[in-house]
2 protein chains.
Amino acid sequence: MAEKKPKTTRAARKTSERMDIRTIATAANVSIATVSRTINRVPTVNPKIAKRVWEVIDRLDYFPNTQARALVSGRSRIFGLIVSEITNPFFPELIQGFEDIAVEHGYEILVSSTNYDPQRMTHCIRRMLERKVEGVAIMTFGIEEPLLEQLASRNVPLVFIDVGPERPGISILKVDYQHGIRQGVQHLAALGHRRISFISGPKRLHSAQSRAAAFSAALQECGIAVDASTIIEGDHTMEGGIAATEKLLAAKNRPTAVMCSNDMTAIGVLHKLYRAGLRVPDDLSVIGFDDIHIAQVTIPPLTTIQMSRFDIARAAVTALRNHVAHSSDSHPQREYNIETSLIVRESTGFPHGAMTDLRKTRPKPAIKR
Amino acid sequence: MAEKKPKTTRAARKTSERMDIRTIATAANVSIATVSRTINRVPTVNPKIAKRVWEVIDRLDYFPNTQARALVSGRSRIFGLIVSEITNPFFPELIQGFEDIAVEHGYEILVSSTNYDPQRMTHCIRRMLERKVEGVAIMTFGIEEPLLEQLASRNVPLVFIDVGPERPGISILKVDYQHGIRQGVQHLAALGHRRISFISGPKRLHSAQSRAAAFSAALQECGIAVDASTIIEGDHTMEGGIAATEKLLAAKNRPTAVMCSNDMTAIGVLHKLYRAGLRVPDDLSVIGFDDIHIAQVTIPPLTTIQMSRFDIARAAVTALRNHVAHSSDSHPQREYNIETSLIVRESTGFPHGAMTDLRKTRPKPAIKR
DNA sequence: GAGGTTTGAGAAATCGTTTACCCAGCACCC
DNA sequence: GGGTGCTGGGTAAACGATTTCTCAAACCTC
């Protein structure tokens, strides 16, 4: 057996470098209560004493133990953030915003990525509950019902995107897919496209359905017949985009434009078209969704529908903080709106063969609400 | 003043739905010590009693309060992870791996992104210390000295990439840039390239210097004269890649190939070349570094030097766990090696004008160590 | 069956804070 | 001058676990 290091005894630690509120109290010659009050900026403490305490704190470079604080105050000052796929660039951009805003308000965040796996999701939720998070933002664009129960029953404040149960303590970020998607479809229609496909996300996700529905509605508005076969199921990944494009190219009546449920899918599409020797937008126009950062540098740069990560992040943190602040009975605001809008770049153009000579003049997207 | 809701008293909470170890103890008709022992699988508990306790725990769906646990045991079971830029796809892939492995061992992780800002880094470190992390992985490929002191002085176990102070409790992940970069340069040389540029990361980062140095060394090995002006400073972003390419194209003696310090830079380069009407690899060969997921679908797919995020993540967690397990005096392993190797895709080819007719046959990269 | 050794469970101290409660001064006013 | 308020700081009880003692009961052994 290895030489057993004598376990540091309390006494020994005390004399050496134990750093707690007591140390500060002794050094500043006040009670621990006063130190605590000073740190928490309770206004009744005498400014002179406060100054003395702060000096000691600075000198000894002390900071309070968050665990102990959380234990007694019942407030962990942690928010959970659950995303579906951290490797999809949309989410890191969201996480960044969420972190910045949360930290600004003194919160720490616990991020988890579920990879669309319900099992992981369960585990995730459990871990967050154990850490006593004060709220969870579930940014997965869809969640299974039973899991939701698990969370809701603990009555932790929650924020969802798109859809969630009607219950106190739960907020929804309503994304206005309609607006952006309509702009996109109108943009394509104005260019002369009539055969437009849509590559959706996984059908079981509510958000995927919403986007597909918005697409169909927009088509109809433009007087284009809706054909269910033009909607292909993808999975929000590049690989899904590639697979969907293969199906698209195999169809007997190829579309002249394709709209994707997210940018990663569109990137897959772009790649597959390049592989197939087809040119974008000459042979096929492509529209993405999200406007992730790299959409600016794809080849060609991607026309896409923007949904602001920062807006989502801010709304999510705001919603959670509101729930924490107000008691659980009064719910201040249940829904928050998130806008979407078309960003025209270079992956969209006139359909093949149409008005070739006019190709240089790109019409502005028809914006109508 | 709004109607003041009477604050829930201890007694009231007790009767309603307070859920702690005491509740379980009462329900199982044992003492709280026994419940604690059962949960922590102390072998001296009578199996019969343990079973009874577990049943109650399951029935009431109880789980221990992590804060309280951490407070008394002194172990938070949290690791910190600091990355430089969460929006660079390299890092989410790293985070994913880190999270998976950490969770596997019962750890939670606190992620923070510094965006290369020392101020943010300071704040980050502070937050992690407050949360009493048991170790921090600093995956920023470079850190300012003073900040480092702040961390090291608290003697929290640390893991760095590439370089870090020689001290107990600190491990280094040594990336073998040399190997991959040499493969890349040899690959280019074999294709017939003689004028090869390098777009580095920010000069102040140690890793950027290492990569640039490895590049120069490899050039020399291939008998190509090293010209300092061919090394252009980038900043590890797409925008930096674009800017660097502009400089490259403006040079009087244009290179026929360019190697980049990371894939995001390479993506910027690809974009700028597309904009300039140049073709890859016909007009210019491009090599990236990292092999992030989207490198497979760039146009053309990117030849790059792979560095496994998963290997890094695993090594980092392993190192931290080792430090936690062993007392701080015995340091089990200080260095961990990370391999790199060339992945040939389609962004590299013969230099412009050379052996046009042979273009279809792509030589295998010369691998030599 | 007495004495000694295990075995297993309970009591209580502790982790580092917050906060309710209490009390010593001091100013004020009749 | 002695009640009466205030003010501001100290004392001690939580918060919800872990862990060290301690000790009763059970089990041997001779």
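The structure displayed is predicted, hence computed values, not measured ones. Residue numbers start from 1 in every chain, and the chains themselves are labelled A, B, ... in the order their sequence lines are given, proteins ahead of strands.
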Charged N to carboxylate O below 4.0 Å: is that the case for [X] and [Y]?
X: B:R59; Y: B:E55; answer: no
X: A:R77; Y: A:E108; answer: no
X: A:E134; Y: A:R75; answer: yes
X: A:D100; Y: B:R120; answer: yes

Given atom [atom1] of [X] and atom [atom2] of [N], what is their separation to the nearest angstrom?
X: A:N40; N: C:dT19; atom1: CG; atom2: C1'; value: 10 Å
X: A:R37; N: C:dT19; atom1: CZ; atom2: P; value: 11 Å
X: B:I24; N: D:dT18; atom1: CD1; atom2: P; value: 12 Å
X: B:I32; N: C:dG10; atom1: CD1; atom2: P; value: 10 Å
X: A:R75; N: D:dG16; atom1: CZ; atom2: P; value: 16 Å
X: A:I21; N: D:dA12; atom1: CD1; atom2: P; value: 16 Å
X: B:E130; N: C:dG16; atom1: CD; atom2: C1'; value: 14 Å
X: A:R131; N: D:dG16; atom1: CZ; atom2: C1'; value: 15 Å

query: Within a strict 4.5 Å, meaning less than it, do heavy atoms of the B:S171 and B:Q333 side chains meet?
result: no
Heavy-atom pair of closest approach, residues A:L71 and B:A68: CD1-CB, 3.8 Å
Do any side-chain nitrogens or oxygens of [X] fall under 4.0 Å of OP1 or OP2 in [N]?
X: A:T34; N: D:dG10; value: yes
X: A:S36; N: C:dT17; value: no
X: B:S31; N: C:dG10; value: yes
X: B:N46; N: C:dT7; value: no

- request: Count the heavy atoms belonging to other residues, nucleotides or ligands that lie under 6.0 Å from CD of A:Q119, then report whether that count exceeds 12.
  value: no
DNA chain C contacts among residues 52-72 of chain B, heavy-atom distance under 4.0 Å: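 Residues of residues 52-72 of chain B under 4.0 Å from DNA chain C: B:L71, B:V72.
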field: First of B:I49 and A:A33 reached from the 5' end of DNA chain C, by closest nucleotide
entry: B:I49
- request: Would you mind telling me which of D:dG16, C:dG10, D:dG9 lies closest to the side-chain atoms of B:V30?
  value: C:dG10
